[in-house]
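In what follows, chains are A, B, ... by sequence order, proteins preceding strands, each numbered from 1.
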Number of protein chains: 2
Amino acid sequence: MGRQMTEMLKGTLEGIILAILALQPAYGYEITARLRDEGFAEIAEGTVYALLVRIEQRGLVDVERVPSEKGPPRKVYSLNAAGREQLDEFWRTWSFLAARITQLHDHIETRGERP
Amino acid sequence: MGRQMTEMLKGTLEGIILAILALQPAYGYEITARLRDEGFAEIAEGTVYALLVRIEQRGLVDVERVPSEKGPPRKVYSLNAAGREQLDEFWRTWSFLAARITQLHDHIETRGERP
DNA sequence: ACTACTACATAGTATCGCTGACTACCGCGA
DNA sequence: TCGCGGTAGTCAGCGATACTATGTAGTAGT
């Protein structure tokens with residue numbers, strides 16, 4: 001993936017996954033598929049699993065093992081109260097950042113960088 | 001600063017500074033002040049200087065030493081062609097990411113996470 | 001038996017921003 | 001005269017993150 005996107009995902013990818021879990025509980029493999037549907041095509045499986053381990057250890061999700069029809073049992077993650085709180089903070093932080101950056105972008109467009 | 005914001009700035013702070021330099025050339029100390037004006041109050045000076053070293057090493061800026069009336073000489077950075085190219089890519093990446101995340105946010109709001 | 005898909009896990013790497021300290025120059029007021 | 005505050009830049013060490021690459025297994029279809 002591009003260096004730019006890789007760095008920009010830091011901090012946001014966690015929020016993105018929390019947001020996906022907020023829509024409905026899901027397991028790792030499913031989340032990677034969901035990410036592809038949402039347009040994040042280039043995010044590797046390993047990345048998602050590592051992140052799920054982290055958010056589980058932080059206690060942001062509840063986990064349930066569910067036998068799968070195909071392959072090994074699934075670890076289904078669902079957002080708990082702490083996770084929803086964290087997601088809220090993610091949106092707050094994101095909104096702040098997005099607002100500032102949009103503002104910067106407008107500054108450049110109006111003041112005209114390249115004539 | 002908050003962990004969340006710290007992580008989210010990764011990758012974007014560089015773009016933000018390139019954007020500021022696109023408005024007009026500036027030196028380090030001035031940039032930290034500009035950041036404060038733009039709403040990024042909590043960004044440490046050391047962070048800005050370190051970032052400037054990086055973008056200089058990547059050849060995204062031209063540097064000119066200008067004597068200051070107060071204190072040591074200033075290093076005035078101005079965006080060069082490579083820097084503008086990088087800034088363009090920043091905007092592209094940012095737009096992509098912002099669009100996906102906004103879309104995710106809308107999904108949650110319309111489908112209703114909490115009844 | 002072989003292949004493909006599903007499903008999860010982990011070790012190692014690179015990058016990034018933060019903290020905290022330090023050097024150095026200037027002008028002003030006590 | 002001395003110290004203080006503002007200006008200006010530098011650096012080492014740290015923690016967190018996402019990526020790459022690889023490995024482990026179970027099931028289904030041929």
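A close approach under 4.0 Å does not occur between any side-chain nitrogen or oxygen of B/Arg3 and OP1 or OP2 of C/dC18. Within the structure, a side-chain polar atom (N or O) of A/Thr47 is placed less than 4.0 Å from OP1 or OP2 of D/dC19. At least one side-chain nitrogen or oxygen of B/Arg58 sits closer than 4.0 Å to the OP1 or OP2 atom of C/dC16. A close approach under 4.0 Å does not occur between any side-chain nitrogen or oxygen of B/Tyr49 and OP1 or OP2 of D/dT10. Between C/dA7 and A/Ser68, a contact under 4.0 Å exists linking OP1 or OP2 to a side-chain N or O. The side chain of B/Tyr29 contributes no N or O atom lying less than 4.0 Å from OP1 or OP2 of D/dG9. Here A/Arg54 reaches the OP1 or OP2 of D/dT17: one of its side-chain N or O atoms lies under 4.0 Å away. Residue A/Lys75 places at least one side-chain N or O closer than 4.0 Å to OP1 or OP2 of C/dA9.
Judged by the 6.0 Å and 45° rule, A/Arg100 forms a cation-pi pair with A/Phe96.
Here the side chain of A/Ala50 is nearest to one of D/dT7, C/dC16, C/dT10, namely C/dT10. Here the nucleotide nearest the side chain of A/Met1, chosen from D/dT10, D/dC19, D/dT7, is D/dC19. Considering only side-chain atoms of B/Thr6, the nucleotide from D/dT17, C/dT6, C/dC18 that sits closest is C/dC18. When the nucleotides D/dT7, D/dC19, C/dC16 are ranked by their closest atom to the side chain of A/Leu9, D/dC19 comes out on top.
Regarding B/Leu35, its CG atom lies at a distance of 15 Å from the C1' atom of C/dC18, rounded to whole Å. The separation between A/Met8 atom CE and D/dC19 atom P is 13 Å, rounded to whole Å.
As judged by a 4.0 angstrom heavy-atom cut-off over every strand, A/Leu51 is placed among residues touching the sugar-phosphate backbone only. Residue contacts for B/Gly11: at a heavy-atom cut-off of 4.0 Å it reaches the sugar-phosphate backbone alone, with no base atom in range. Residue-level contact check: B/Glu14 touches the backbone only, with heavy atoms under 4.0 Å from sugar-phosphate atoms and none from bases.
Paired with B/Leu87 under the rule side-chain contact (heavy atoms from CB on, under 4.5 Å), one option of B/Leu21, B/Ile17, B/Leu18, B/Leu60 passes, and it is B/Leu18.
With DNA chain C read from its 5' end, the first of the two nearest nucleotides for A/Pro72 and A/Gly46 is the one closest to A/Pro72.
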